[in-house]
2 protein chains.
Amino acid sequence: MSSDDQLPPKVRLLRAAAELLANSEGSAVSTRQITKLAGVTAPTLYHHFGDKEGLFDAVVSAGFEEYVAGERDFAPSGEPLEDIRRMWDNHVAFGLAQPHLYLVMFGNIRPESRPAVVADAEALLEEMLNKAAIAGQLNVQPREAARSILAANVGVTLMLISEPVEDRNLELSTMTRDSMIFAVSTETARGAAAEDSGKSSVVVAAIALNAALQASHSDQLSSSELKLFLEWLHRISSSS
Amino acid sequence: MSSDDQLPPKVRLLRAAAELLANSEGSAVSTRQITKLAGVTAPTLYHHFGDKEGLFDAVVSAGFEEYVAGERDFAPSGEPLEDIRRMWDNHVAFGLAQPHLYLVMFGNIRPESRPAVVADAEALLEEMLNKAAIAGQLNVQPREAARSILAANVGVTLMLISEPVEDRNLELSTMTRDSMIFAVSTETARGAAAEDSGKSSVVVAAIALNAALQASHSDQLSSSELKLFLEWLHRISSSS
DNA sequence: CTAGCACCTATAGCGCTGCTATATGAAGTG
DNA sequence: CACTTCATATAGCAGCGCTATAGGTGCTAG
């Protein structure tokens with residue numbers, strides 16, 4: 001109907017879907033709205049994308065690259081934990097800027113069906129947490145920390161989206177963010193404590209070494225040795 | 001069609017909706033399924049509940065009382081923070097036991113539309129956090145803590161629901177739970193491994209682990225394993 | 001040049017959805 | 001009995017995701 005009759009229908013469908021997803025206020029977006037705006041008919045949509053979810057996945061993966069670009073751009077500050085904070089804030093900002101797209105990406109939850117985008121976001125976080133682990137700043141396994149932080153990050157973002165705009169208080173985000181990061185990190189921004197009741201420095205060091213070994217393949221050990229070594233390392237770093 | 005033709009249609013509709021919501025696997029629940037199971041026709045539903053969402057709200061508020069009952073029953077342990085942990089676990093357990101009902105309650109997120117059940121759950125948490133605050137165990141305002149903890153709690157539960165049953169790792173829950181509670185509390189139970197924040201590498205991490213292992217005897221490895229482990233550690237830490 | 005083929009798009013419509021205009025029955029009240 | 005009020009049913013609307021079928025388009029082989 002409108003957007004650039006020159007472009008191929010596939011692109012027009014993508015743009016129409018993205019536009020409707022970005023601007024639709026509350027109600028759902030139908031295939032008929034999309035095809036009408038794109039100036040094509042239904043079978044064209046299903047020829048190119050299989051079904052509605054396929055089209056949405058395509059829109060999401062485009063939106064995800066935008067998200068990833070935001071996550072990666074201002075990453076290397078030298079302080080991994082500070083970068084984690086920025087990734088958290090960027091995640092929330094993305095969700096609030098494009099709530100409908102965000103809801104399609106992270107809010108469309110069904111039992112036992114894990115969207116690919118969640119795994120990607122998790123990997124992104126884990127990557128950064130690995131750097132923190134290498135720097136000895138992590139208290140737990142990077143993978144577990146990534147899952148935990150992402151779950152809280154999504155929970156906060158969903159809660160903020162569901163609130164009326166005027167009530168949205170970003171302090172909820174920063175507070176939860178710092179709580180999570182503080183809890184998984186070795187930061188001591190709090191009244192000092194003895195090491196008798198928490199993780200020992202052995203565990204912290206083992207986690208750091210584990211992450212460092214996986215980041216830069218050391219050739220000091222043969223592959224079979226390394227395998228056993230890593231297993232022992234895991235055993236040590238998994239002990240409470 | 002089945003359930004107790006004696007009962008008034010309103011109750012039969014509620015039970016049918018609850019049953020379908022509990023047993024439906026993946027796909028959505030339609031009004032036709034509900035009315036057929038209840039043995040009534042469509043206008044009856046709309047006469048009593050206004051629309052589909054009204055019926056679901058009614059089911060939810062019944063389910064919520066079940067949820068609240070679980071939250072309140074084993075509450076007064078004398079340790080408010082311990083009670084918060086139980087409320088968290090009960091929340092997750094409820095979500096995993098009745099995922100579809102939970103998704104209707106907490107996962108049906110739309111921009112600027114806050115379900116009543118969220119506010120109720122928040123109030124429940126805040127009430128308990130107030131006790132912690134009175135006992136001087138709280139670091140932040142109970143209201144803020146409740147919002148933050150609930151957001152993380154919902155985020156974790158949604159993430160667990162979206163995972164395949166066999167992959168569900170409740171450690172994600174306990175870890176996030178303790179992170180949140182620890183961060184808002186005045187508890188000082190942490191193993192502080194104060195680390196010079198110099199750039200760590202494989203070597204530095206290996207040296208740190210080596211030192212830490214010798215300082216505190218880890219019993220995760222047998223003595224022979226430990227001997228070989230230390231040798232490899234030495235090989236790594238002497239490289240480059 | 002034409003035949004064949006692969007790709008893309010449109011017409012028309014199926015079965016489903018949430019919902020309702022209208023009508024009928026039942027129950028209580030003057 | 002007449003009247004009102006509440007509760008249920010018949011029948012159907014507009015919208016949904018999706019598709020069987022057919023036709024148009026452009027490329028390549030003979």
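So that the names make sense, note that chain A is the first sequence line, chain B the second, and so on, each numbered from 1. The basis for the numbers below is simple: all heavy atoms, side chains too, and nothing from hydrogens, waters or symmetry mates.
Taking atom NZ on A:K52 and atom P on C:dC16, their separation rounds to 19 Å, with Å as the unit. Atom OH of B:Y46 and atom P of C:dT17 are 11 Å apart (whole Å). Atom CG of B:L20 is separated from atom P of C:dG18 by 12 Å (rounded to the nearest Å). The separation between B:F56 atom CZ and C:dG18 atom C1' is 11 Å, rounded to whole Å. Rounded to whole Å, the distance from CG on B:L45 to C1' on C:dT20 is 13 Å. Distance A:K10 NZ to C:dT9 C1': 15 Å, rounded to the nearest Å. Atom CG in B:L13 sits about 13 Å away from atom P in C:dG18, given to the nearest Å.
Looking at heavy atoms from C-beta onward, A:D51 lies out of side-chain contact with A:L45 at the 4.5 angstrom threshold. Put simply, the side chain of A:I34 reaches to within 4.5 Å of the side chain of A:F56, judged on heavy atoms. Using a 4.5 Å cut-off on side-chain heavy atoms (C-beta onward), B:E122 and B:R114 make contact. Counting heavy atoms from C-beta on, the side chains of A:M159 and B:V118 come closer than 4.5 Å. Taking 4.5 Å as the limit, every side-chain heavy atom of B:R110 sits out of range of all side-chain heavy atoms of A:S162. Contact annotation: the side chain of B:P80 never approaches that of B:L138 to less than 4.5 Å [non-hydrogen atoms, C-beta and beyond].
Among residues two or more places apart in sequence or in another chain, the side-chain hydrogen bond (donor to acceptor under 3.5 Å, both in side chains) test is passed with B:E144 by none. Scored by the ring-ring contact (aromatic ring centres under 6.0 Å, His included) test, A:F64 finds A:Y67 as partners (sequence neighbours excluded).
Residues B:F182 and A:F182 bring their aromatic ring centres within 6.0 Å.
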Just the table, please: protein N/O against nucleotides 5-8 of chain C N/O, every pair under 3.5 Å.
{"residue": "C:dC8", "atom": "OP2", "partner": "A:H47", "partner atom": "NE2", "Å": "3.4"}

Produce the list of close N/O pairs, under 3.5 Å, pairing protein atoms with atoms of nucleotides 11-13 of chain C; give distances to one decimal.
none

Could you walk me through whether B:E79 and B:Q137 pass the side-chain contact (heavy atoms from CB on, under 4.5 Å) test, one step at a time? CA-CA 10 Å; B:E79 260 298 335; B:Q137 298 174 325; 3.6 Å; yes
Candidate pair B:T41 and B:T35, rule side-chain hydrogen bond (donor to acceptor under 3.5 Å, both in side chains), full reasoning: CA-CA 6 Å; B:T41 51; B:T35 54; over 6 Å; no
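The aromatic rings of A:H91 and A:Y102 sit perpendicular, their planes meeting at an angle over 60°, well past the 30° parallel limit.
Comparing the axis of the opening five pairs of the helix from C:dC1-D:dG30 to C:dG30-D:dC1 with that of the closing five pairs yields an angle of 20°, rounded to 10°.
Contact footprint of chain B on DNA chain D: nucleotides with an atom under 4.0 Å from a non-hydrogen protein atom, first to last in 5' to 3' order, D:dA7 to D:dG12.
When all heavy atoms of A:N169 and A:E163 are compared, the pair lying nearest together is N-OE1, 4.3 Å.
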